[in-house]
Number of protein chains: 2
Amino acid sequence: MNIIISNSDGMPIFEQIENAIKQAIFSNELKEEDMLPSVRSLANDLKISFLTVKRAYDELERGGFIKTVQGKGSFVAPKNLELIKEEKLKEIQDYIEKIYTISKISNISEEEVKELFKIIFEEEF
Amino acid sequence: MNIIISNSDGMPIFEQIENAIKQAIFSNELKEEDMLPSVRSLANDLKISFLTVKRAYDELERGGFIKTVQGKGSFVAPKNLELIKEEKLKEIQDYIEKIYTISKISNISEEEVKELFKIIFEEEF
DNA sequence: ATATCTGTTATATTTATATTATAACAGTTT
DNA sequence: AAACTGTTATAATATAAATATAACAGATAT
């Protein structure tokens, strides 16, 4: 698995790890029941504290993406299509919120945004 | 000018002020050469430190939205708002394209995206 | 000229969050 | 038993945001 972290992009390290692993799961680079790197080994590879990796894993477990068993390790949870869709809907929601903020600040009307939306969603036929 | 700040929405106060003033400029509530409230008076109104207001003003000046003169005050800069709006529309377009890609890949219908759009854009009062 | 606005700068402190180091503990596997 | 796993607790550090306070400097009206 290929995780690149950056100290300077505003996103906390634990969140960068979380996203990288989600991505690996979505792309099927990590398959169901695959074991994740141990908190200590990944921490070692990334030259960070294992507590930071643990935090990422804890979040992933809360989200239902992995299962962790003390003494054994962390494993990719059986894929749940609904979960994946939820995740993608969340991504879309984040983008729409950004659009909302920009439009509000820049005095761009809802109609103008809708128009762009229409153009992009309809031009692919 | 009507600025409402919140301590608990994740956005730093200086950024909330920044956005509120940008919005006032875009909506023409604040016109070219209009004087902004002094850092101290706005800080007083909002019950925050004048340094926080100063930071917001500094950012606005860096962005070319206002001009500040020591001893006189801060003033809305002459600006080509249409040009900025074009930039912002492009940003929005990029986001919509990302949304389009995600929705296609994840089998999320246009209707579902529209629904999210509605929810977020209607949260306003 | 001086009082009173304006912004500027410097210092120190507080708060919250992220991250770290370290140590001890607990379950699993070989 | 040794060597892996994860867990927990504590204390320390780093950073950004925001604060309080004080002193300084330019603009302006009276």
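Chain identifiers are assigned alphabetically (A, B, ...) following the order of the sequence lines, protein sequences preceding nucleic acid strands; residue numbering begins at 1 within each chain. All figures in this text were calculated on a predicted structure; none of them were measured in a lab.
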| remark: Here the distance between atom P of C:dA18 and atom CD of A:Glu18, to the nearest Å, is 12 Å
| note | With the side chain defined as heavy atoms from C-beta on, A:Arg40 is closest, among D:dA20, C:dT6, D:dT5, to D:dT5
| So, the side chain of B:Ser49 versus the backbone of B:Leu51: is there a donor-acceptor pair under 3.5 Å, distance only? | yes
| query | Are A:Ile120 and B:Ile99 side-chain neighbours, meaning at least one heavy-atom pair lies under 4.5 Å? | reply | no
| query | Out of C:dT8, C:dT20, D:dT7, which has the shortest distance to the side chain of B:Phe50? | reply | C:dT8
| remark: Per atom distances to the A:Gln70 side chain, the nearest of C:dT29, D:dT7, D:dA27 is D:dT7
| task | Find the distance A:Gln16:CD to C:dT19:C1' and express it as a whole number of Å. | result | 13 Å
| request: Over 60° means perpendicular and under 30° means parallel, so classify the ring planes of A:Phe26 and A:Phe65, tilted if in between. | output: perpendicular
| said: Output the rounded distance in Å from CE (A:Met11) to C1' (D:dT15). | reply: 18 Å
| task | Take atom CG of A:Leu51 and atom C1' of D:dA9, then tell me their distance rounded to the nearest Å. | result | 10 Å
| request: Figure out the CG/P separation between B:Leu42 and D:dT19, and round it to whole Å. | output: 12 Å
| query | Do we see a donor-acceptor contact under 3.5 Å between the side chains of B:Asn19 and A:Lys104? | reply | no
| query | Could you give the CG-to-P distance, from B:Asp58 to C:dG7, as a whole number of Å? | reply | 11 Å
| message | Is A:Thr52 close enough to C:dA18 that one of its side-chain N or O atoms is under 4.0 Å from OP1 or OP2 there? | response | no
| request: Measure the distance from CD on A:Glu15 to P on C:dT17 and round it to the nearest whole Å. | output: 14 Å
| request: Report the nucleotide, chosen from D:dA9, C:dA18, D:dA20, that has the shortest atom-to-atom distance to any side-chain atom of A:Phe14. | output: C:dA18
| said: Measuring from the side chain of B:Ile48 (C-beta onward, heavy atoms only), which nucleotide among D:dT19, D:dT5, C:dT19 has the closest atom? | reply: D:dT19
| DNA chain C: A:Ile13 or A:Val69, which has the more 5' nearest nucleotide? | A:Ile13
| task | Would you sort out whether B:Ile84 and B:Lys79 count as a side chain to side chain contact (heavy atoms under 4.5 Å, CB included), showing the intermediate values? | result | CA-CA 9 Å; B:Ile84 298 175; B:Lys79 191 79 189 177; 3.3 Å; yes
| note | 5'-most contact on DNA chain D (nearest-nucleotide basis), A:Thr68 vs B:Pro12, goes to A:Thr68
| remark: When rounded to whole Å, the CG to P distance for the pair B:Leu60 and C:dG7 reads 13 Å
| said: Below 30° counts as parallel, above 60° as perpendicular, anything between as tilted: where do the rings of A:Phe121 and B:Tyr100 land? | reply: perpendicular
| said: With a 4.0 Å cutoff (strictly under), does any side-chain N or O of A:Lys72 reach OP1 or OP2 of C:dT29? | reply: yes
| query | Given D:dT7, is OP1 or OP2 found less than 4.0 Å from the side-chain N or O atoms of A:Lys54? | reply | yes
| So which nucleotide from D:dG6, C:dT6, D:dA20 ends up closest to the side chain of A:Ser38? | D:dG6
| task | Compare side-chain N and O positions of B:Arg55 against OP1 and OP2 of D:dA17 and report whether any pair is under 4.0 Å apart. | result | yes
| note | 5'-most contact on DNA chain C (nearest-nucleotide basis), A:Gly71 vs A:Lys47, goes to A:Lys47
